[in-house]
Every structure is written in C-alpha cells, then in structure tokens.
Amino acid sequence: MSFDAFLQDWFGYTIYFIAYIAALGAFGCSSIFWLRVLTIFSSACFVVYYYIIPADPLWLDIFSEGALVVINAAMIALLWYREKSIRFSEEEKELYATIFSRFSPFEFYKLIKVGKWQTFEPEDVLTKQGKKVPALYFIYNGEVNVVVDGKTIVQLRDGYFVGEMSFTLEQAANADVIVSVPTRILYWPQDILQDLLKRNPAMKNAVEAMITQDLAKKLRQG
Ligand SMILES: Nc1ncnc2c1ncn2[C@@H]1O[C@@H]2COP(=O)(O)O[C@H]2[C@H]1O
C-alpha cells in the first residue's frame, strides 16, 4: 500500500468515526439546539467522507446527508429568529436572568405564555390543607404564611414556589398558604403546566431542577 493510500484510509476511518460519535452525541442530547448542531456536524463529516474516500463520490449519500445539514441549519435559523423576536416585560427579564436561567429564551417564552401574573391581597388563600392545589405559584414579590393545623410554621418570600409539593407528588396540599402582604405572583394552572411539560421533556427537566432547588432552600430554612 502506498503512503498516499495509507493516509487516505487513515483520514477516512477518522472522519467516519468522528461523524458517528457526533451522531450518537446528537441522539443523546436533550437540548434541541445541540441536537441540531451535532447533526449538522456529523452529516457534514459524512458528506466529506462520501465525497473523498470511495473511488467515485457516492452522490445519493452525499445528497441525503447534505439535506440533513440544510434542514437542521434552517431550523436553527428559525429558532434564532423566533428567539430574537420575543419580547419580555421587565419582571420577566429579571426572572429569566435569575431563577429561570436554565431555560432557552423560547422555552421560557412558552412557560410565560401559559402563566398568569396576579397581585394577591392579604388573606387571599393560595392552597388549602388537604385540598387539591389549583396551580403552581412563584412568589415574585411579597410574602405568604404557610399554616399547618391553624399554626403558621413558616413564611415564604420572593423567589419561592408554593404548591410545588402537590405538583410533584400529585397529592393534596399539606398546608394552607395565606397571603400576608400584597404579593405579586406568577402562577400556572397545574393541568396546563403538566400538559406543556409532557410535550417538552427539556422544559420538564428544567422545572424539576428548579423545584428540587426550591425544596432544598426550604429544608435549609428549617
Ligand atoms: N415546611 C414547609 N416549608 C416551606 N414550605 C412549605 C412547608 N410545608 C408546606 N409548604 C408549602 O405549602 C404548600 C402547600 O401546598 P403543597 O403541599 O403543594 O406545597 C406546599 C409548599 O409549597
């Protein structure tokens, strides 16, 4: 075997291996953006392989891999365009920069779209002990009392979720939660949020991670 042929074989195996690993990586990605990026990279490597390595270029394979590159690049461009045209309110921007930073802008937009902002007044009841919880609440600004068997056990302020336990366990509320000062809240009706998360596994992971963090903060608070 000539040195040139050896080099060509070596290059062929290497590029095929890289393309294959990138394709496996793409299948393992939960983020749609990285799935598309890796698919583009993998397919582009296959295009090079099918063009250079066989005695004659394999046009059918080059065309099908090339089509994957074009479609995924177009979808990334569409995603980028959608994200660029999204407008958030000042409150939403602040939330995105802090608590909700795990989400892509478009995922956060979908979450915000099904959520509702409301200012609750003192004595408003968010959850009732032993009763189904209607929504998952996020305290943007204000304060609520968590009351078990008539006794306030803890107060929750900005940055805490309320109703996350029943949302996660699909059980009734383990406490009354009563607003104590005018409180700005972002909330999601439970069934609508469950539906959205069923259709978006990456968002489901991000919400679960936020709830885990919230529960850890509550445990620390005692
Ligand atoms: N010990 C606690 N510390 C902080 N928050 C609590 C505590 N117990 C209950 N809660 C909150 O009160 C909510 C009542 O409804 P959930 O059980 O769905 O979710 C509960 C929590 O959000």
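Quick caveat, the model's predicted, so the values are computed rather than measured. Both counts, for ligands and for their atoms, begin at 1 and track the order of listing.
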Number the atoms of ligand 1 from 1 as they appear, then name those within less than 4.0 Å of a heavy atom of [X], with their elements.
X    : result
T127 : 14 (C), 15 (O)
V162 : 22 (O)
S166 : 16 (P), 17 (O), 18 (O)
E164 : 19 (O), 21 (C), 22 (O)

Q: Tell me, yes or no, whether the heavy-atom count around E121 atom CD, taken from other residues, nucleotides or ligands under 6.0 Å, exceeds 12.
A: yes

Angle class for the [X]/[Y] ring planes (parallel below 30°, perpendicular above 60°, tilted otherwise)?
X   : Y   : result
F46 : Y50 : parallel
Y51 : W59 : perpendicular
F88 : Y96 : tilted

Q: Specify side chain, backbone, both or neither for I153, according to which of its non-hydrogen atoms lie closer than 4.0 Å to ligand 1.
A: side chain

**Q.** ligand 1-proximal atoms of V154, by part, heavy-atom distance under 4.0 Å
**A.** side chain

Considering only heavy atoms, which of [options] lies nearest to [atom]?
atom                    : options                : result
atom 19 (O) of ligand 1 : K132, K218, M165       : M165
atom 8 (N) of ligand 1  : N174, L215, V133       : N174
atom 11 (C) of ligand 1 : V146, D176, V147, V148 : V146

Q. Should D158 and R184 be marked as a side-chain contact (heavy atoms from CB on, under 4.5 Å) after you check the CA-CA gap, both sets of side-chain angles, and the distance that decides it?
A. CA-CA 9 Å; D158 311 5; R184 186 87 172 127; over 6 Å; no

Q) Applying ring pair (Phe, Tyr, Trp, His ring centres under 6.0 Å), which residue pairs with at least one partner in residues 157-190 are found, sequence neighbours left out? A) Y137-Y187, F138-F161

Q. Does G163 reach ligand 1 with a nitrogen or oxygen that is under 3.5 Å from one of the ligand's nitrogen or oxygen atoms?
A. yes

Q.
Under the rule for ring pair (Phe, Tyr, Trp, His ring centres under 6.0 Å), what residues qualify as partners of Y140, not counting sequence neighbours?
A. W117

